[in-house]
Every structure is written in C-alpha cells, then in structure tokens.
Amino acid sequence: MDDRLDPDIRIFTDILREDWSRHPPLDTVSTVEARRIAELVRARWAAGGPAMSETRNVEIGTAAGALRVRIYRPDGVATEDAPALLYVHGGGFVFFSLDTHDRLMREYADAGRFVVVAIDYPLSPEAKYPVALDQIVALVDWLGEHGTELGIDATRVAIGGDSAGANLALATCLRLRDGGRNSAIRGILSNYGAFSGDVSDAAEAAYGGPDALLTQADMRYFFDQYLVSGDQRGDAYACPLSASDVAGLPPVLLIVPELDVLAEQSFALEARLRAAGCAMASNVYRGATHSFLEAMSIAPLAQQAIRDGASWVRDQLASPVMK
C-alpha cells in the first residue's frame with residue numbers, strides 16, 4: 001500500500017513502525033504494559049501545536065459514575081456560553097487517552113474557535129460495553145443541566161471522535177434519540193469510524209496486511225475486548241451499522257481516509273444516512289490511511305482534514321438558540 005500513500009503520511013507510518021519495533025509485540029505483554037507502550041509510541045505526535053488560554057482537567061459526577069474530562073479553551077473564546085465539541089478519543093476501546101490526543105484537541109479548538117471537551121472514558125476489557133457508552137450519554141445529560149459550570153452553552157454542542165471514539169459518539173446520539181431525550185447535540189464529527197467489528201476480506205486485501213495501521217485481525221481483537229459476548233455484534237449501540245433505523249440523527253460529517261480498512265464502514269453508513277434523509281457530508285482524503293490525523297505535525301493532508309472538520313463543526317454551532 002505504501003506506493004499509494006501520501007508522501008507525508010508514508011513518513012508518519014514509517015516512523016510509527018520503527019517506534020513500535022523497539023518494543024515487544026503487544027500480544028506478548030499485559031494490557032497495562034501494552035497501553036504504556038502505546039502511549040510512548042504516540043507521544044511524539046501529541047507534542048507541539050497551538051497553545052490554549054485554558055486547559056484543565058475536571059471530574060464530573062454523572063448518573064453513570066464519575067468521568068474525567070479535559071477542557072480546551074482557545075484564545076479569544078468567551079469564558080461563558082461558548083460553543084463546544086465533545087470529543088471521544090480512539091484506540092480500539094482498549095488503548096490511548098487524553099494525552100495521546102492532546103494535540104488533536106488543541107488543533108480542533110484553535111481551528112474552530114470553540115471549546116473542546118475531551119472525554120476520558122473507561123477502557124476495555126476492564127470496562128466492557130456498555131459502561132463507556134453509559135457514561136458518555138450521562139455526560140451529555142449532565143451538560144444539558146450544568147454546562148454553564150464549564151463555561152459552555154449547552155444549546156450549542158457537537159460530538160465527535162475517531163475510530164472507536166466515532167463509534168461511541170454515534171452510539172451516544174442513537175441512545176439519546178431512542179430514549180426520547182431532548183439533546184442539544186447539533187452535529188456528529190466522525191473520523192474514520194469503527195462502526196462494526198467486521199472488516200471484509202476485500203478491504204483487508206486492499207488496505208490491510210502487516211504494514212497497515214489497522215487490520216481485519218485488529219478489529220476482531222478490539223471488539224472481542226469491548227463486547228461481553230459475540231451476540232452483541234448485532235446491538236445497534238455497540239455496532240451502529242447494525243441499527244435498523246438511523247433517521248432523526250443530528251447532521252453527520254464523515255472523514256474518510258481512502259486507504260483504510262474501515263472506509264467501507266463509513267461508505268455503508270453514508271448510504272444509510274442518505275436513504276433515511278439525514279443531513280450529512282462525506283470527505284474522502286486520497287492517499288490517507290487510518291489514524292492519519294495524528295500526522296498533523298508533518299502532513300498538510302492531515303492539517304486540511306482537521307480544518308475541514310473544525311469548519312464544519314463551527315458551522316453547526318454558529319447560531320445561538322433563541323431563549
């Protein structure tokens with residue numbers, strides 16, 4: 001696949017492979033150690049980037065338990081009634097953290113001129129489905145009542161995420177819709193979403209293999225860690241591509257890397273959203289692969305995708321609701 005990669009994205013993937021090679025294979029160490037290695041390998045990509053006028057960690061007591069979030073407020077954004085993007089990091093439900101995604105959060109806040117609320121949800125397999133989802137849904141409910149405590153306008157909120165985080169963001173909106181909640185979420189930013197544990201043999205042959213950042217085998221592993229049992233693969237909140245009805249969701253933007261084994265899932269979701277009459281847009285980035293946004297420090301293609309996502313979110317949050 002290397003000959004199809006954007007040159008800067010190729011540098012990114014080469015560096016990642018080299019950094020991973022300095023450590024034992026993750027399947028030979030404990031989950032705790034694997035997470036430590038993943039943090040080390042990703043650390044260089046979270047460095048640098050824009051400064052914030054405020055970055056602070058807050059623990060919120062939701063109806064589903066305490067949840068830590070990190071608030072990013074860029075220069076020039078009001079300390080009261082600011083629009084906000086809730087962001088759920090990726091990592092296959094098993095890996096990564098607020099720290100691995102710290103620069104991405106700052107880039108979104110700076111480019112979009114909104115607050116970013118990064119969500120530190122509990123990881124699997126210690127916290128299997130639906131623990132993380134329950135807490136994120138409860139956080140959205142909490143913000144509806146207490147957003148002013150964080151300087152956020154609860155009527156101007158979007159939610160987003162990458163990979164497993166995009167799954168959780170979409171599932172949150174499905175749960176809120178089906179629960180009849182009057183959610184103020186105005187948009188869903190979906191970065192290379194993992195909406196099912198199933199990756200086709202064709203996608204694996206085209207975009208997987210030993211040098212890929214994500215493979216068919218990886219996806220099986222991640223969903224095995226996330227789910228309590230295999231029959232939950234048909235649960236719409238665990239695997240949103242299983243949802244029988246996607247009507248009534250907020251507007252969606254799909255950020256789709258061309259050379260990703262998960263691209264087929266975004267395209268399948270796009271078709272279903274369009275058929276249901278949902279407002280949505282899909283941006284395909286040629287020469288990009290899974291996790292390419294992490295290459296933002298060296299790849300103009302990643303920088304453009306971040307600006308595109310931030311601009312779209314800003315548009316969704318533009319006008320205050322009349323009170």
Side-chain angles (χ1 to χ4, degrees), residues 46 49-90 96-122 131-162 165-166 168-173 175-176 179 181-189 191 250 306 309-323:
M52 298 286 101
S53 67
E54 176 192 38
T55 302
R56 63 185 173 114
N57 294 323
V58 179
E59 186 171 284
I60 293 172
T62 76
L67 189 63
R68 188 171 72 110
V69 300
R70 183 172 293 168
I71 311 297
Y72 298 90
R73 192 179 305 269
D75 291 338
V77 171
T79 57
E80 297 180 351
D81 293 330
L85 169 66
L86 312 181
Y87 199 88
V88 191
H89 70 78
F96 300 160
S97 66
L98 301 184
D99 294 334
T100 59
H101 283 60
D102 182 77
R103 177 164 179 174
L104 181 59
M105 300 301 92
R106 288 183 282 114
E107 294 284 356
Y108 272 129
D110 183 68
R113 315 313 300 165
F114 45 67
V115 170
V116 172
V117 180
I119 302 172
D120 188 26
Y121 60 92
V131 175
L133 179 60
D134 287 346
Q135 291 199 359
I136 296 167
V137 171
L139 173 66
V140 175
D141 287 339
W142 183 91
L143 286 171
E145 297 293 329
H146 302 279
T148 55
E149 296 175 22
L150 302 181
I152 290 170
D153 180 353
T155 71
R156 290 192 291 162
V157 175
I159 191 168
D162 55 276
L168 289 164
L170 181 62
T172 294
C173 292
R175 278 270 300 270
L176 292 168
R181 289 161 161 104
N182 185 25
S183 168
I185 291 179
R186 294 197 187 186
I188 305 170
L189 173 62
N191 294 322
I306 292 169
S311 177
W312 183 87
V313 169
R314 184 173 61 245
D315 289 344
Q316 307 311 306
L317 305 181
S319 58
V321 172
M322 297 299 294
K323 299 180 181 180

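These numbers come from a predicted model, not from an experiment.
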**Message:** What's the separation between atom CG in Leu67 and atom CG in Leu139, rounded to the nearest 0.5 Å?
**Reply:** 5.5 Å
**Request:** Determine which pairs satisfy ring-ring contact (aromatic ring centres under 6.0 Å, His included) with at least one residue from residues 132-160, sequence neighbours left out, and list them in order.
**Result:** Trp142-His146
**Complete:** Heavy-atom closest pair (Ala154 atom, Ala184 atom, distance to 0.1 Å) is O-CB, 2.9 Å
**Message:** Side chains of Leu143 and Leu86, heavy atoms from C-beta outward: is any pair under 4.5 Å?
**Reply:** yes
**Complete:** Taken in chain and number order and not counting sequence neighbours, the residues that satisfy side-chain hydrogen bond (donor to acceptor under 3.5 Å, both in side chains) with Thr100 are none
**Request:** If a pair satisfies salt bridge (charged side-chain N to carboxylate O under 4.0 Å, His left out) and one of its residues is in residues 101-112, list it, with sequence neighbours excluded.
**Result:** Arg70-Asp102, Asp102-Arg106, Arg103-Glu107, Asp110-Arg113
**Request:** Indicate yes or no for a side-chain donor-acceptor contact from Arg314 to the backbone of Ala111 under 3.5 Å, with no hydrogens or angles considered.
**Result:** yes
**Item:** Closest non-hydrogen atom pair, Ala310 against Gly112
**Value:** CB-N, 3.7 Å
**Message:** Test of understanding: with side-chain contact (heavy atoms from CB on, under 4.5 Å), list the residues that count as partners of Leu104, not counting sequence neighbours.
**Reply:** Tyr87, His101, Tyr108, Asp162, Leu293, Met296, Ile306
**Request:** Could you grab the distance from atom OG1 of Thr79 to atom CD1 of Ile152, nearest 0.5 Å is fine?
**Result:** 12.0 Å
**Item:** All side-chain contact (heavy atoms from CB on, under 4.5 Å) counterparts of Ala138, not counting sequence neighbours
**Value:** Thr62, Ala64
**Arg175 to Val137 - nearest heavy-atom pair and separation** = CB-CG2, 4.0 Å
**Prompt:** Side-chain contact, heavy-atom cut-off 4.5 Å: Leu168 with Ile119?
**Reply:** no
**Message:** Using side chain to side chain contact (heavy atoms under 4.5 Å, CB included), reason through Val117 and Val157 one step at a time and then give a plain yes or no.
**Reply:** CA-CA 10 Å; Val117 180; Val157 175; over 6 Å; no
**Between CG on residue Asp120 and CG on residue Asp99, distance to nearest 0.5 Å** = 8.5 Å
**Asked** Can you list the residues that meet the ring-ring contact (aromatic ring centres under 6.0 Å, His included) rule with Trp312, with sequence neighbours excluded?
**Response** none
**Message:** Can you confirm whether Leu85 sits close enough to Met105 that some side-chain heavy atom of one is under 4.5 Å from a side-chain heavy atom of the other?
**Reply:** no
**Request:** Taking side-chain contact (heavy atoms from CB on, under 4.5 Å) as the test, write out the residues that go with Ala82, two or more places apart.
**Result:** Arg73, Val77, Val115
**Partner residues of Tyr121 under the ring-ring contact (aromatic ring centres under 6.0 Å, His included) criterion, sequence neighbours left out** = His89
**Asked** For Ala166, what residues pass the side-chain contact (heavy atoms from CB on, under 4.5 Å) criterion, not counting sequence neighbours?
**Response** Ser190, Phe195
**Message:** Quick check: do Glu149 and Val58 have side-chain heavy atoms less than 4.5 Å from each other?
**Reply:** no
**Complete:** Sequence neighbours excluded, the answer for ring-ring contact (aromatic ring centres under 6.0 Å, His included) partners of Phe114 is none
**Item:** Test item: Pro250 and Cys173 side chains (from C-beta on) under 4.5 Å apart, heavy atoms
**Value:** yes
**Request:** For the pair Arg156 and Asp81, find out whether any cationic side-chain nitrogen is under 4.0 Å from an anionic carboxylate oxygen.
**Result:** no
